[in-house]
Amino acid sequence: MSYPNTRLRRLRYNKTLREMVEDVHLRVEDFIFPVFVCEGSNIKREVSSMPGQYQFSIDKLPDLFKQIISKGIKSILLFGVPIGKDEEGLVSCDDNGIVQNAIKFIKKEYPEILLIVDLCNCQYTTHGHCGTLVDDDVHNDKTLVNLSKQALSLVKAGADILAPSDMMDGRVLHIRQSLDKNGYEKTPIFSYSIKYASAFYGPFRDAANNSPKLGDRKSYQMNFKNSIEAIREAESDIKEGADAIIIKPALSYLDIINKIKSKFNIPIIAYNVSGEYSMVAAASEREWVDRLDITLEILMSMKRAGATAIITYHALEIADKIKNNV
Ligand code: PBG
């Protein structure tokens, strides 16, 4: 059937009808808001390359959580920003470390919030790489030992879900086994299965202070000139016991989200990363784009590609617009 019998505009004239036939939906429950917690007290420090995003000391978290809860956001992704670092990142396994203390505080004060904790070594190593260096490269299996230790320490503190972001081979299995051995078989692992080595993480490195001092992360994060490798990464993490898969970056990788969605039956979480946020922030500051309209369109595109949920720095500012469906 074609024109003039078919007129696709018929479904577009009336707002209520337009809304009725929408087939992609974004809810506040889909959002996971990243939170950076730093040592010290009375600190709410803006991240210079991510205007509107802050590092908070634990005593200042209530200001933020008031906002999170009032906007209806139910899940956060927590990152620790420690002062002390060491060669192997062992400081990340300290039961009284910054992230562990933040977890305890959040679980006590806001038990209703779903607390996902990023699991990696890069904020905790002096060299800024995601694991233990041997001959100037991150040693896969030595790093697994640290990650499992860190994982246990995070769940003991009260983390609801762990999100390993290091990209070592076998880490989901290793972490799963050590959680199970210690009675944490109910704790889900949301694995950053597909994490490309990306310039889109630039601003995050200001937020988390985790830049590699030497070299780059290309020997462990994925090459963005590859696409089928994403399927192998997802496959192996699912076999190892991942409960959901995080894909990042998101905006330039919608094809990858869609590919994984069509191939596997597992929740997919898109990470709308720092560089994606900062580009929108910078362009809207200059009034070149409408900040909330463009944000909604970007987040919707991730859902349309197949994401189940989205980790996004925009969660708080966009929540009202989503609730009112405007
Ligand atoms: C570190 C980590 C990174 C991000 C999340 N976890 C950065 C990196 O690998 O350098 C990036 C998130 C963002 O850019 O918003 N393991």
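Whatever order the structure lists them in is the order used to number ligands and atoms, beginning at 1.
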Is any side-chain heavy atom of Arg171 less than 4.5 Å from a side-chain heavy atom of Asp237? yes

For Leu11 and Leu17, what are the C-alpha separation, side-chain angles and deciding distance, and is it a side-chain contact (heavy atoms from CB on, under 4.5 Å)? CA-CA 6 Å; Leu11 294 177; Leu17 179 53; 4.0 Å; yes

Pairs of nitrogen or oxygen atoms closer than 3.5 Å, one from Tyr192 and one from ligand 1: do any exist? no

Identify, by atom number and element, the atoms of ligand 1 in contact range of Cys122, meaning under 4.0 Å from any of its heavy atoms. 1 (C), 16 (N)

Short question: side chain of Glu39, backbone of Ile83 - any donor-acceptor pair under 3.5 Å? yes

Write out the residue and atom name of the closest protein heavy atom to atom 12 (C) of ligand 1, then the distance separating them to 0.1 Å. Phe204 CD1, 3.3 Å

Is the contact between Ser274 and ligand 1 made by the side chain, the backbone, both, or neither, using heavy atoms and a 4.0 Å cut-off? both

Does the Lys NZ or Arg CZ of Lys156 fall within the cation-pi geometry relative to Tyr184 - under 6.0 Å from the ring centre and within 45° of the axis? no

Give the atom numbers and elements of ligand 1 that come within less than 4.0 Å of a heavy atom of Cys120. 16 (N)

If we set the cut-off at 4.0 Å for heavy atoms, which region of Asp166 has an atom near ligand 1: side chain, backbone, both, or neither? neither

What's the separation between atom CZ in Phe65 and atom OH in Tyr110, rounded to the nearest 0.5 Å? 7.0 Å

Side chain to side chain, Arg176 and Asp243, heavy atoms closer than 4.5 Å: yes

Hey, is ligand 1 close enough to Lys248 that some N/O pair sits below 3.5 Å? yes

Is the backbone N or O of Gly131 less than 3.5 Å from a side-chain atom of His129, with the two atoms forming a donor-acceptor pair by type? no

With atoms numbered from 1 as shown, which atoms in ligand 1 lie under 4.0 angstrom from a non-hydrogen atom of Lys195? 1 (C), 2 (C), 3 (C), 6 (N), 8 (C), 9 (O), 16 (N)

Starting from atom 10 (O) of ligand 1, what is the nearest protein heavy atom, named by residue and atom, and what distance separates them? Arg205 NH2, 2.6 Å

Which one of Phe33, Tyr271, Tyr277, Phe31 satisfies the side chain to side chain contact (heavy atoms under 4.5 Å, CB included) criterion with Thr312? Phe31

Is there a path of hydrophobic side-chain contacts, each under 4.5 Å between heavy atoms of I, L, V, M, F, W or Y residues, that connects Ile116 with Phe105? no

Near Ser165, which atoms of ligand 1 are under 4.0 Å from a heavy atom of that residue? 1 (C), 6 (N), 16 (N)

For ligand 1, indicate whether the residue Tyr277 contacts it via side chain, backbone, both or neither (heavy-atom separation under 4.0 Å). neither

What atoms of ligand 1 come closer than 4.0 angstrom to any heavy atom of Asp118? 6 (N)

Answer with yes or no whether Glu276 contacts ligand 1, where contact means a heavy atom under 4.0 Å from a ligand atom. no

Distance-only donor-acceptor check, side chains Ser92 and Gln150, under 3.5 Å: yes

What atoms in ligand 1 come closer than 4.0 Å to a heavy atom of Arg217? 8 (C), 9 (O), 10 (O)

What is the nearest protein non-hydrogen atom to atom 15 (O) of ligand 1, stated with its residue, atom name and distance? Tyr313 OH, 2.5 Å

